[in-house]
Every structure is written in structure tokens, then in C-alpha cells.
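Quick notes on the structure that follows.
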Amino acid sequence: MTWELVAGSVHEAAPGLIGWTLLLDGVGGRIVEVEAYAADDPASHSYRGRTPRTEVMFGPPGRLYVYRSYGLHWCANVVCEEDGRGAAVLLRALEPTRGLDLMRARRGLDDPRLLCAGPGRLTQALGLTDEHNGADLTKPPFALVPPSAPVAVEQSPRIGITKAVEKPWRYVEAGSSWSSRARRAA
DNA sequence: CAGTGGATGCTCT
DNA sequence: GAGCATCCACTGT
């Protein structure tokens with residue numbers, strides 16, 4: 001099936017993904033922080049056109065785009081927009097809900113607040129790597145569960161980029177203490 | 001607490 | 001050969 005939420009504009013899909021539960025082999029949690037990377041967005045990997053790395057971004061929506069960040073970490077994106085122009089949503093933080101013990105073991109720490117608070121952290125906690133690049137998020141081993149109640153979402157500038165810094169395309173669940181920047185305020 | 005810098009590999013110029 | 005959509009350990013208060 002085509003997944004309606006991600007088939008539309010990335011600017012609606014990104015806030016719309018907040019509150020969904022993402023699982024890989026039954027391990028994961030609620031999405032509480034994402035960033036939108038649009039087509040024609042200088043900060044997006046797709047901006048310079050199609051390359052072997054970004055190939056998946058130009059394919060059907062609802063797939064995973066996985067890339068290596070700073071030589072160390074994996075980062076995961078949900079491909080959006082069915083016209084294949086290269087839009088995607090970067091997953092930045094989850095509220096861990098399922099498979100806590102496995103995530104603790106993979107991350108090598110106990111504090112649940114540090115398990116999935118950051119794009120590199122959440123991929124490590126879920127065991128998500130480039131072998132999942134191009135995978136369909138609606139099919140096993142992945143699962144996506146919609147939120148059971150409406151979610152309040154706040155908007156702010158994106159983190160860690162050097163281009164289009166002013167665009168407020170980071171979306172966080174309002175009041176969440178599970179986002180990658182929550183510990184700063186706490 | 002805050003701030004700094006090292007690890008590390010792949011992509012594109 | 002530069003530049004990253006990062007994380008963590010370390011420093012100094």
C-alpha cells in the first residue's frame with residue numbers, strides 16, 4: 001500500500017510523523033523529533049542531484065534512506081513525496097518504548113534518556129544500518145504504528161547544518177523530554 | 001554545568 | 001583534499 005502521510009509534501013509529513021511508533025524487529029519507540037529536508041533545499045543530500053548514495057531519496061515514498069555521518073554513525077530518513085524529487089525526513093529522536101534491554105545492550109548504557117536521543121544514537125539502539133537502506137518501512141522487519149491521540153508539535157531551526165540554517169524545519173513533540181536537545185534545558 | 005576537540009569514512013570538488 | 005544532517009570523553013569552572 002502507499003502510505004498517504006509520506007506521499008504528500010515533506011512539510012506536512014515531517015510534523016505528521018511525530019507520535020508514530022517505529023519498530024525494527026519489535027524494538028523501538030515513539031518518534032518525538034524529526035527534521036524535514038526538502039527538494040530544492042541546499043541542506044539536503046538530494047540538492048546536488050541524484051548520486052549512488054542518494055538514489056533512494058528519488059524513489060518511492062515510505063522507504064528508508066540510510067547514510068553514514070561523520071564516518072561513525074548511521075542516520076535514517078523516511079523518503080517522502082511520490083513524485084521522487086528527493087525529499088526526506090531525518091529521524092532525530094525516539095521515546096524508547098519496546099525492547100529497552102536490547103537497546104541498552106547495543107548502546108552500552110543504562111540511562112533510557114540517552115538511548116535514542118540523537119540520529120546516530122537511535123540507529124545504534126535499533127540496530128539500523130546501511131543494510132536497511134531502501135527498505136519499505138511498512139513491511140517487516142519494520143513496523144509503524146500511528147499515534148492513539150493527537151500530538152502537539154513545535155517547530156525550530158534544524159541542527160548541525162551549515163546551509164539554509166534559518167529554515168524552521170525541525171519538529172519536536174511539545175514538552176517532550178526525549179528529544180536530542182531536552183537534556184540541555186533540563 | 002559549559003566548551004573543545006578527536007575519531008572516522010564516504011562523497012563530491 | 002575538504003567537508004560533513006554526530007557522539008563522547010575530556011577539560012576547566
Side-chain angles (χ1 to χ4, degrees), chain A residues 6 9-11 13-18 22 28-29 31-59 61 63-81 85-96 103-135 137 153-173 176-186:
Chain A
V6 296
S9 164
V10 70
H11 297 299
L17 279 167
I18 301 294
L22 170 68
I31 299 170
V32 298
E33 178 183 358
V34 301
E35 287 176 1
Y37 287 86
D40 303 329
D41 174 1
S44 172
H45 288 177
S46 62
Y47 183 66
R48 295 176 197 284
R50 213 163 170 141
T51 69
R53 177 178 62 150
T54 60
E55 182 66 28
V56 174
M57 293 187 79
F58 296 88
R63 305 291 180 88
L64 261 189
Y65 164 53
V66 182
Y67 68 92
R68 193 184 283 282
S69 172
Y70 291 91
L72 300 179
H73 312 283
W74 297 109
C75 291
N77 302 250
V78 182
V79 176
C80 292
E81 304 190 2
R85 294 187 304 144
V89 174
L90 171 68
L91 302 173
R92 286 197 55 92
L94 307 180
E95 171 187 343
M103 290 195 278
R104 284 193 187 98
R106 286 173 176 154
R107 296 272 298 118
L109 46 80
D110 288 331
D111 187 347
R113 292 183 187 278
L114 297 179
L115 288 182
C116 301
R121 290 168 174 170
L122 76 87
T123 55
Q124 187 183 19
L126 269 62
L128 211 161
T129 69
D130 66 334
E131 85 178 73
H132 304 290
N133 190 38
L137 279 169
V153 178
E154 287 175 348
Q155 211 175 158
S156 53
R158 293 177 290 184
I159 294 174
I161 57 171
T162 56
K163 297 162 196 151
V165 181
E166 75 287 354
K167 303 289 187 192
W169 291 345
R170 172 176 178 253
Y171 300 92
V172 183
E173 178 176 13
S176 176
S177 52
W178 302 99
S179 77
S180 64
R181 288 291 170 93
R183 57 208 161 105
R184 164 172 308 197

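Hydrogens, waters and symmetry mates are skipped; everything else that's a heavy atom, side chains included, is used. Fair warning: this is a prediction, and the values are worked out from it, not measured in the lab. Naming convention: chains lettered A, B, ... in sequence-line order (proteins, then strands); numbering from 1 in each chain.
Within 4.0 Å (heavy atoms only), A:Arg158 reaches no atom of the nucleic acid at all.
Between A:Ile159 and A:Leu109, the residue anchored nearer the 5' end of DNA chain C, judged by the nucleotide with its closest heavy atom, is A:Ile159.
No more than 12 heavy atoms of other residues, nucleotides or ligands sit less than 6.0 Å from atom CG of A:Asp40.
The partner of B:dT8 cannot be assigned: no Watson-Crick or G-U wobble pair with both contacts below 3.5 Å exists in any strand. Remark: C:dA5 base-pairs with no nucleotide in the shown strands. Criterion, Watson-Crick or G-U wobble with two distances under 3.5 Å.
When all heavy atoms of A:Val6 and A:Ala13 are compared, the closest pair comes out as CA-CB, 4.1 Å. Residues A:Ile161 and A:Ala43 approach most closely at CD1-CB, 4.0 Å, considering heavy atoms. Closest approach of A:Met103 and A:Pro96 over heavy atoms only: CE-CB, 3.7 Å.
Summarising the geometry, the separation between CH2 on A:Trp74 and C1' on C:dT6 is reported as 14 Å, rounded to the nearest angstrom. Across the protein-nucleic acid pair, A:Leu72 atom CG and C:dT6 atom P stand 12 Å apart, rounded to whole Å. Rounded to an integer number of Å, the gap from CG of A:Leu90 to C1' of C:dC4 is 14 Å. One atom, NE2 of A:His73, and another, C1' of B:dT8, lie 9 Å apart when rounded to the nearest Å. Distance A:Leu91 CG to C:dT6 P: 14 Å, rounded to the nearest Å. If you take CD of A:Glu33 and C1' of C:dT6, they are 13 Å apart, rounded to a whole angstrom. Across the protein-nucleic acid pair, A:Leu115 atom CG and C:dC7 atom C1' stand 14 Å apart, rounded to whole Å. Taking atom CZ on A:Arg107 and atom P on C:dT6, their separation rounds to 15 Å, with Å as the unit.
The base of B:dA7 lies outside donor-acceptor range of the side chain of A:Tyr70, with no N or O pair under 3.5 Å.
A sub-4.0 Å separation between OP1 or OP2 of C:dC4 and a side-chain N or O of A:Thr162 is present. Within the structure, every side-chain polar atom (N or O) of A:Arg53 is placed at least 4.0 Å from both OP1 and OP2 of B:dG9. Checking the phosphate oxygens (OP1, OP2) of B:dT11, no side-chain nitrogen or oxygen of A:His45 falls inside 4.0 Å. Between C:dT6 and A:Arg92, a contact under 4.0 Å exists linking OP1 or OP2 to a side-chain N or O. Residue A:Arg121 places at least one side-chain N or O closer than 4.0 Å to OP1 or OP2 of C:dC8.
Proximity note for A:Tyr65 (side chain, C-beta onward) versus C:dA5, B:dC12, B:dG9: the nearest is C:dA5. For A:Asn77, taking side-chain heavy atoms from C-beta onward, the closest of the listed nucleotides B:dC12, C:dA5, C:dT6 is C:dA5. Closest approach to the A:Tyr67 side chain among B:dC10, C:dA5, C:dC7 is made by C:dA5 (side chain taken as heavy atoms from C-beta onward). Nearest to the side chain of A:Thr51, among C:dT6, B:dC12, C:dA5, sits B:dC12.
For the residue pair A:Arg107/A:Gln124, the side-chain donor-acceptor check at 3.5 Å is satisfied. With hydrogens and angles left out, the side-chain atoms of A:Ser180 and A:Glu33 include a donor and acceptor closer than 3.5 Å.
Rounded to whole Å, the separation between the P atoms of B:dG3 and C:dA5 comes to 22 Å.
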